[in-house]
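Some notes on the structure that comes next.
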Amino acid sequence: MHDGARPLILGIETSCDETAAAVVTGGTHVLSSIVAGQTDLHARYRGVVPEVASRAHLENILPVVREAMTQASCTYDDLDAIAVGHRPGLIGSLLVGVSAAKGLAWSLGKPVIGVDHVEAHLYAGLLDAAPVPFPAIGLVVSGGHSCIFTMEAGEPPRLIGRTIDDAVGEAFDKVAAMLGLEFPGGPAVERLARDGRPDAFDFPIGLVERDRLDFSFSGLKTAVLYAVRGVPQAPNRPAREAPPPLTAERCADIAASFQRAAIAAITRKLERAIELHEPRSLLVGGGVSANGRLREALSALASKHALDLRLPAMRYCVDNAAMIAGAAAERVRRGEQDGWELSAQPLSAVARTERVR
Ligand code: KG4
Ligand code: ZN
């Protein structure tokens with residue numbers, strides 16, 4: 001019998017290639033968080049293969065849920081609700097988590113709550129931490145999203161900027177592939193960049209219009225491609241001149257210069273958002289928030305503007321279910337729940353709202 005803080009929520013997350021379950025109490029206190037990754041299954045394809053991912057979720061979901069419940073030392077009867085990341089993501093992957101959550105909730109007679117995965121990433125920095133002062137600016141930097149939000153207590157985040165092409169994590173992954181590094185590319189690029197010079201290449205830094213809060217990473221990605229393969233004579237034609245050989249030193253310089261430009265693109269837009277909205281805190285989430293250089297840059301930005309910065313603990317940067325359970329707590333407290341028609345949806349509700357400038 002659980003006699004601790006309420007609500008006690010089982011979270012389930014299967015939107016991409018991590019099968020995750022977690023038990024969170026009181027909205028922020030994590031009793032267990034289990035993540036079964038599938039990196040090995042996808043590495044040879046250099047990207048997540050949707051069909052392979054959903055099959056692996058099917059095999060993993062029940063053992064992962066059981067393990068989360070065992071580690072949390074609570075029973076299914078103790079739960080107040082079951083929360084599930086139901087959007088955005090790969091539809092076959094999402095369906096596994098949504099079906100498991102609805103099946104469990106139905107059989108236990110408990111409420112089910114659907115959570116937006118992008119919104120949940122913003123919650124990751126609040127886990128195992130003190131309450132945060134609002135209003136806040138939220139930044140999600142992941143493999144699928146690069147978004148800036150304004151946030152008020154108890155309200156859904158409001159989108160004020162997003163990428164117009166690639167997500168920043170996607171750019172890290174593509175640059176890693178160009179440099180022949182392993183998948184997922186973010187950590188590999190970060191490791192290689194430690195040996196390189198960040199000012200070796202003058203790569204372009206996103207969109208230049210000052211008051212536009214949107215990101216663009218495709219120009220940067222193309223500049224890296226040209227540095228690797230040479231500048232083509234015309235689209236899809238070979239380079240006029242062979243590029244310099246891709247030595248270990250050149251690879252490291254490209255990685256370091258790319259990382260510098262990508263981080264500068266993020267911090268520039270974020271700083272403009274801070275100047276425009278004057279928040280009290282800065283919430284950051286998503287896989288790329290594990291990047292050490294980005295964390296340093298965000299810490300500097302937060303000190304400059306006297307903001308309470310919430311960077312997730314490393315284990316909550318990448319996809320996990322604790323952030324899903326945490327993000328559902330407010331709705332459970334208000335006695336809300338979703339109906340059995342709750343469905344898996346490929347797109348985010350918060351990350352596709354009309355842009356506000
Ligand atoms: O949040 P996440 O686990 O999944 C999505 O919701 O997309 O983010 C995964 C992304 C991948 O693109 C991965 O390369 C990137 O986060 N990533 C990093 C680092 N660790 C993970 N990017 C840069 N530096 C890192 N250390
Ligand atoms: Zn994610």
Side-chain angles (χ1 to χ4, degrees), residues 11-20 22 33 35-39 42-43 46-48 50 53 84-90 93-94 97 115-125 138-147 162-163 166-179 181-194 196 198 215 217 220-221 224 255-256 258-266 283-298 311-324 326-327 346-348 350-351:
I12 293 178
E13 155 61 36
T14 61
S15 67
C16 190
D17 63 336
E18 261 94 24
T19 317
S33 177
V35 180
Q38 309 173 0
T39 308
H42 303 285
R46 287 193 176 280
V48 176
V84 59
H86 77 120
R87 67 180 181 215
L90 301 172
S93 292
L94 288 167
V115 173
D116 190 290
H117 178 96
V118 178
E119 195 173 339
H121 267 305
L122 291 170
Y123 207 90
L139 171 75
V140 175
V141 276
S142 73
H145 293 89
S146 304
C147 304
R162 63 180 168 184
T163 180
D166 291 358
V168 61
E170 192 182 349
F172 267 92
D173 292 337
K174 287 178 179 166
V175 166
M178 291 175 207
L179 295 174
L181 306 176
E182 73 264 32
F183 170 83
V189 169
E190 180 177 14
R191 268 195 306 278
L192 182 62
R194 287 190 197 120
F215 301 111
F217 293 101
L220 170 58
K221 186 187 65 184
V224 172
F258 159 76
Q259 183 174 255
R260 179 188 59 83
I263 292 172
I266 294 168
L283 271 57
V284 183
V288 184
S289 63
N291 185 284
R293 281 295 161 96
L294 176 63
R295 292 171 87 92
E296 282 166 24
L298 293 172
L311 286 168
M314 283 304 196
R315 62 189 177 284
Y316 303 135
C317 286
V318 286
D319 291 348
N320 65 87
M323 66 184 195
I324 300 287
L347 298 179
S348 167
V350 292

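For reference, positions follow the sequence shown, starting with 1. One-based numbering, in listed order, for ligands and for the atoms of each. The shown structure was predicted, so the numbers you read here are calculated from the model rather than taken from an experiment.
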Residue [X] vicinity, atoms of ligand 1 by number, heavy atom under 4.0 Å:
X: G143; value: 5 (C), 7 (O), 8 (O), 9 (C), 10 (C), 12 (O)
X: P187; value: 19 (C), 20 (N), 21 (C), 25 (C), 26 (N)
X: G144; value: 7 (O)
X: D319; value: 1 (O), 2 (P), 3 (O), 4 (O), 5 (C), 6 (O)

For [atom], which protein heavy atom lies nearest, and how many Å away is it?
atom: atom 21 (C) of ligand 1; result: G287 O, 3.4 Å
atom: atom 26 (N) of ligand 1; result: E190 OE1, 2.8 Å
atom: atom 12 (O) of ligand 1; result: D173 OD2, 2.8 Å

Aromatic ring proximity Y123/Y316, centre distance under 6.0 Å: no
Which N, O or S atom of H117 lies nearest to the Zn ion (ligand 2), by name: NE2
The Zn ion (ligand 2) - closest N/O/S atom in D319: OD1
From G186, A262, A290, G285 - option closest to atom 18 (C) of ligand 1 by heavy atom: G186
Take every heavy atom of [X], measure it against each atom of ligand 1, and state whether any distance is under 4.0 Å.
X: H117; answer: yes
X: C16; answer: no
X: H121; answer: yes

2.8 Å cut-off met by an N, O or S atom of H121 to the Zn ion (ligand 2): yes
Under 2.8 Å: N/O/S of C16 next to the Zn ion (ligand 2): no
Residue that, paired with L181, satisfies side chain to side chain contact (heavy atoms under 4.5 Å, CB included) out of D173, L192, V175: L192
R295 atom CZ, neighbour heavy-atom count above 12 within 6.0 Å: yes
